Amino acid sequence: MTIGFAMCGSLCTYTAAFAALEELAKYNTIIPIFSPASYTIDSRFGTAESHIQKATDICGQPPLHTIAEVEPIGPKKLLDALIVAPCTGNTLAKLAHSIADTPVTMAVKSHLRNSRPVIIAVSTNDALAGAAENIGRLMGKRNYYFVPFGQDDPVKKPTSMVADFTKIPQTLEAALQGRQIQPVIL
């Protein structure tokens with residue numbers, strides 16, 4: 001199976017995202033896709049170059065990181081499924097409103113033309129605030145499936161939610177059968 005694995009800029013979740021990527025790469029061909037933030041931002045969680053290299057090492061190919069590189073995903077039917085992990089509030093908003101102005105959002109738009117699953121692993125500080133509406137919109141759309149998610153620090157960050165990245169493989173399996181893994185809210 002060929003899976004797209006798109007990473008957005010929630011850099012604090014990269015350790016968990018890369019662990020999921022490594023697990024999936026054991027049994028699948030993975031095409032990595034990076035958002036502009038993923039491809040360029042150095043932070044306390046690592047340099048952009050180290051993230052690019054890690055994805056390249058795991059997948060055997062460098063991440064796609066331009067709109068032109070990802071646009072053929074749909075027309076060429078390159079993917080069986082597309083995972084967005086982590087999926088930031090910014091990307092959630094764009095997907096909920098059909099905006100395709102980044103490599104990740106264009107990859108999703110292009111992939112969806114084939115009615116194949118998109119798996120979302122939420123990571124946003126405002127999931128229970130501004131991003132809640134966009135999560136709800138996507139939950140109501142066909143071919144979107146969510147990795148179970150919950151509050152990561154309800155005391156210090158009461159509106160923040162993060163997916164359980166260890167559940168990406170199970171979510172993928174269910175999505176390929178047209179089912180949402182449950183419970184979706186942990």
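From a predicted model like this one, the values you see are computed outputs, not experimental measurements. Residue numbers run from 1 in the order of the sequence given.
Side-chain polar atoms of D42 and T47 form no donor-acceptor pair below 3.5 angstrom.
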Name the atoms and distances for all side-chain donor-acceptor pairs under 3.5 Å in residues 17-28, with sequence neighbours left out.
{"from": "E23", "atom 1": "OE1", "to": "K26", "atom 2": "NZ", "distance (Å)": "3.2"}
{"from": "N28", "atom 1": "ND2", "to": "L24", "atom 2": "O", "distance (Å)": "2.9"}

Output a table of donor-acceptor pairs, distance under 3.5 Å, between side-chain atoms of residues 97-104 and any protein atom two or more places apart or on a different chain; print 'none' if there are none.
{"from": "H97", "atom 1": "ND1", "to": "A93", "atom 2": "O", "distance (Å)": "3.0"}
{"from": "D101", "atom 1": "OD1", "to": "K94", "atom 2": "NZ", "distance (Å)": "2.9"}
{"from": "D101", "atom 1": "OD2", "to": "K94", "atom 2": "NZ", "distance (Å)": "3.2"}
{"from": "T102", "atom 1": "OG1", "to": "V104", "atom 2": "N", "distance (Å)": "3.4"}
{"from": "T102", "atom 1": "OG1", "to": "T105", "atom 2": "N", "distance (Å)": "3.1"}
{"from": "T102", "atom 1": "OG1", "to": "T105", "atom 2": "OG1", "distance (Å)": "3.0"}

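T56 meets the side chain to side chain donor-acceptor pair (under 3.5 Å) test with no other residue; sequence neighbours excluded. In this structure, T40 has no side-chain contact (heavy atoms from CB on, under 4.5 Å) partners at least two apart in sequence or on a different chain. Qualifying ring pair (Phe, Tyr, Trp, His ring centres under 6.0 Å) partners for Y144, counting only residues two or more places apart in sequence or in other chains: none. For E173, the side-chain contact (heavy atoms from CB on, under 4.5 Å) test picks out Q177, with sequence neighbours left out.
Formation of a donor-acceptor pair under 3.5 Å by the N114 side chain with backbone atoms of G74 is found in this model. When atom types are taken as modelled, the side chain of S110 and the backbone of M106 share no donor-acceptor pair closer than 3.5 angstrom. Side-chain N or O atoms of S10 include none that pairs as donor or acceptor with a backbone N or O of T88 at under 3.5 Å. A donor-acceptor contact shorter than 3.5 Å links the side chain of Q151 to the backbone of P158. Remark: the backbone N or O of V162 is not paired with any side-chain donor or acceptor of S123 at under 3.5 angstrom.
Ring-plane geometry between H65 and Y39 is classed as parallel, the angle between the planes falling under 30 degrees on a 0 to 90 degree scale with a further cut at 60.
For the atom pair NE2 of H51 and OG of S38, the computed distance is 8.5 Å after rounding to the nearest 0.5 Å. We find the CZ-OG1 distance between R179 and T171 to be 10.0 Å, quoted to the nearest 0.5 Å. Annotation: the span from R44 atom CZ to L11 atom CG amounts to 10.0 Å, rounded to 0.5 Å. A distance of 11.5 Å separates CE of M7 from CD1 of I33, quoted to the nearest 0.5 Å. Once rounded to the nearest 0.5 Å, the distance linking CD1 of I181 with CG of L172 reads 10.0 Å. Rounded to the nearest 0.5 angstrom, L92 CG and I135 CD1 are separated by 5.5 Å.
Of all non-hydrogen atoms in V118 and H111, the two that sit nearest each other are CG2-CD2, 3.7 Å. Listed here is the closest heavy atom pair of S35 and C8: OG-CA, 3.5 Å.
Placement of V122 and F165 in two distinct hydrophobic clusters is found when ILVMFWY residues are connected by side-chain heavy-atom separations under 4.5 Å, directly or transitively. Residues F146 and I119 fall into different hydrophobic clusters, defined by Ile, Leu, Val, Met, Phe, Trp and Tyr side chains chained together at heavy-atom separations under 4.5 Å. Note: the hydrophobic cluster containing L82 does not contain I30 (ILVMFWY, side chain heavy atoms under 4.5 Å, direct or indirect links). A continuous path of Ile, Leu, Val, Met, Phe, Trp and Tyr side chains, each step under 4.5 Å between heavy atoms, connects Y14 with I41, placing both in one hydrophobic cluster. Placement of L138 and I185 within a single hydrophobic cluster is found when ILVMFWY residues are connected by side-chain heavy-atom separations under 4.5 Å, directly or transitively.
Between I73 and I31 there is no side-chain heavy-atom pair separated by less than 4.5 Å. Counting heavy atoms from C-beta on, the side chains of K77 and R116 come closer than 4.5 Å.
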Inset, instruction - Under the side chain to side chain contact (heavy atoms under 4.5 Å, CB included) rule, what do D153 and S160 come out as? Steps first, then yes or no, please. - result: CA-CA 7 Å; D153 187 349; S160 180; over 6 Å; no

Inset, instruction - Take F149 and V184, measure what side chain to side chain contact (heavy atoms under 4.5 Å, CB included) needs, and give me the verdict at the end. - result: CA-CA 6 Å; F149 59 99; V184 69; 4.1 Å; yes

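Atom NZ of K141 has more than 12 heavy atoms from other residues, nucleotides or ligands within 6.0 Å.
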